[in-house]
Amino acid sequence: MKLLRQFMLILLISFVGEILKTIIPLPIPASVYGLVLMLVCLCTGILRTSQVRKAAFFFIEIMPVMFIPAAVGLVDSWASLQPVFWPVAIITVVTTILVMVVTGRVTQSVIRLERRKKDE
């Protein structure tokens with residue numbers, strides 16, 4: 001029952017993100033609104049991590065399964081994708097490396113900032 005309640009909390013926040021998408025005329029996906037709402041709820045204490053932890057871990061564990069339909073769709077569309085394969089592959093590799101570098105730098109900065117606060 002606890003896991004179901006956690007799923008419902010995440011679903012509720014996602015639903016509010018969908019509502020915000022229809023209300024606010026910006027080209028931002030509803031999932032981004034939902035993620036920002038979840039972040040705000042966790043940072044302000046409206047939600048505690050213990051209230052969504054098990055469901056979040058479950059979603060992380062099954063995340064690779066969610067990519068299977070997309071991969072099957074790519075295989076099905078191979079004839080259309082073949083002419084642009086190399087440019088898309090290069091862009092994918094470069095942007096993946098860029099995201100990894102930026103994420104690492106931001107993480108290092110946050111860790112340094114926390115250490116400074118702790119030392120003060």
Side-chain angles (χ1 to χ4, degrees):
M1 196 54 125
K2 185 176 183 181
L3 192 60
L4 182 61
R5 183 176 41 215
Q6 291 181 10
F7 282 135
M8 294 306 289
L9 278 171
I10 293 172
L11 186 63
L12 176 68
I13 290 172
S14 297
F15 181 68
V16 173
E18 292 286 340
I19 293 171
L20 286 175
K21 169 67 177 154
T22 59
I23 294 173
I24 301 172
L26 293 174
I28 298 173
S31 59
V32 173
Y33 284 118
L35 287 172
V36 170
L37 282 173
M38 179 65 83
L39 178 66
V40 168
C41 289
L42 290 170
C43 288
T44 59
I46 295 171
L47 273 178
R48 294 183 311 274
T49 54
S50 61
Q51 291 177 293
V52 292
R53 177 172 284 140
K54 285 187 179 182
F57 281 134
F58 174 76
F59 284 134
I60 290 170
E61 287 176 0
I62 67 164
M63 188 171 32
V65 176
M66 301 302 164
F67 288 102
I68 291 173
V72 170
L74 288 175
V75 170
D76 192 38
S77 303
W78 178 248
S80 301
L81 295 174
Q82 194 171 8
V84 294
F85 174 75
W86 286 112
V88 170
I90 291 169
I91 290 169
T92 302
V93 169
V94 170
T95 56
T96 299
I97 292 170
L98 183 66
V99 167
M100 289 171 62
V101 168
V102 170
T103 303
R105 295 288 185 178
V106 169
T107 303
Q108 288 175 342
S109 299
V110 169
I111 290 171
R112 286 187 195 120
L113 184 65
E114 286 179 357
R115 285 182 183 161
R116 285 185 198 146
K117 285 183 179 180
K118 189 177 181 181
D119 291 340
E120 291 177 356

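All values reported here derive from a predicted model rather than from experimental measurement.
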Mind listing the closest non-hydrogen atom pair of [X] and [Y] along with its distance?
X	Y	result
Gln6	Lys54	OE1-N, 2.9 Å
Gln51	Ile46	OE1-O, 4.0 Å
Ala30	Gly17	CB-O, 3.7 Å

Are [Y] and [X] linked, directly or through intermediate hydrophobic residues, by side-chain heavy-atom contacts shorter than 4.5 Å (ILVMFWY only)?
X	Y	answer
Met38	Met66	yes
Val65	Phe57	no
Val93	Trp86	no
Phe67	Val75	no
Leu42	Tyr33	yes

Test item: [X] and [Y] side chains (from C-beta on) under 4.5 Å apart, heavy atoms:
X	Y	answer
Leu81	Val88	no
Phe15	Leu11	no
Val32	Lys21	no
Ile13	Leu47	yes
Leu20	Leu37	yes

Return the [atom1] to [atom2] distance between [X] and [Y], rounded to the nearest 0.5 Å.
X	Y	atom1	atom2	answer
Ile97	Thr92	CD1	OG1	11.0 Å
Leu98	Thr103	CG	OG1	9.0 Å
Arg112	Thr107	CZ	OG1	11.0 Å
Thr44	Leu39	OG1	CG	9.0 Å

With sequence neighbours excluded, residues passing ring-ring contact (aromatic ring centres under 6.0 Å, His included) with Trp78: Phe85
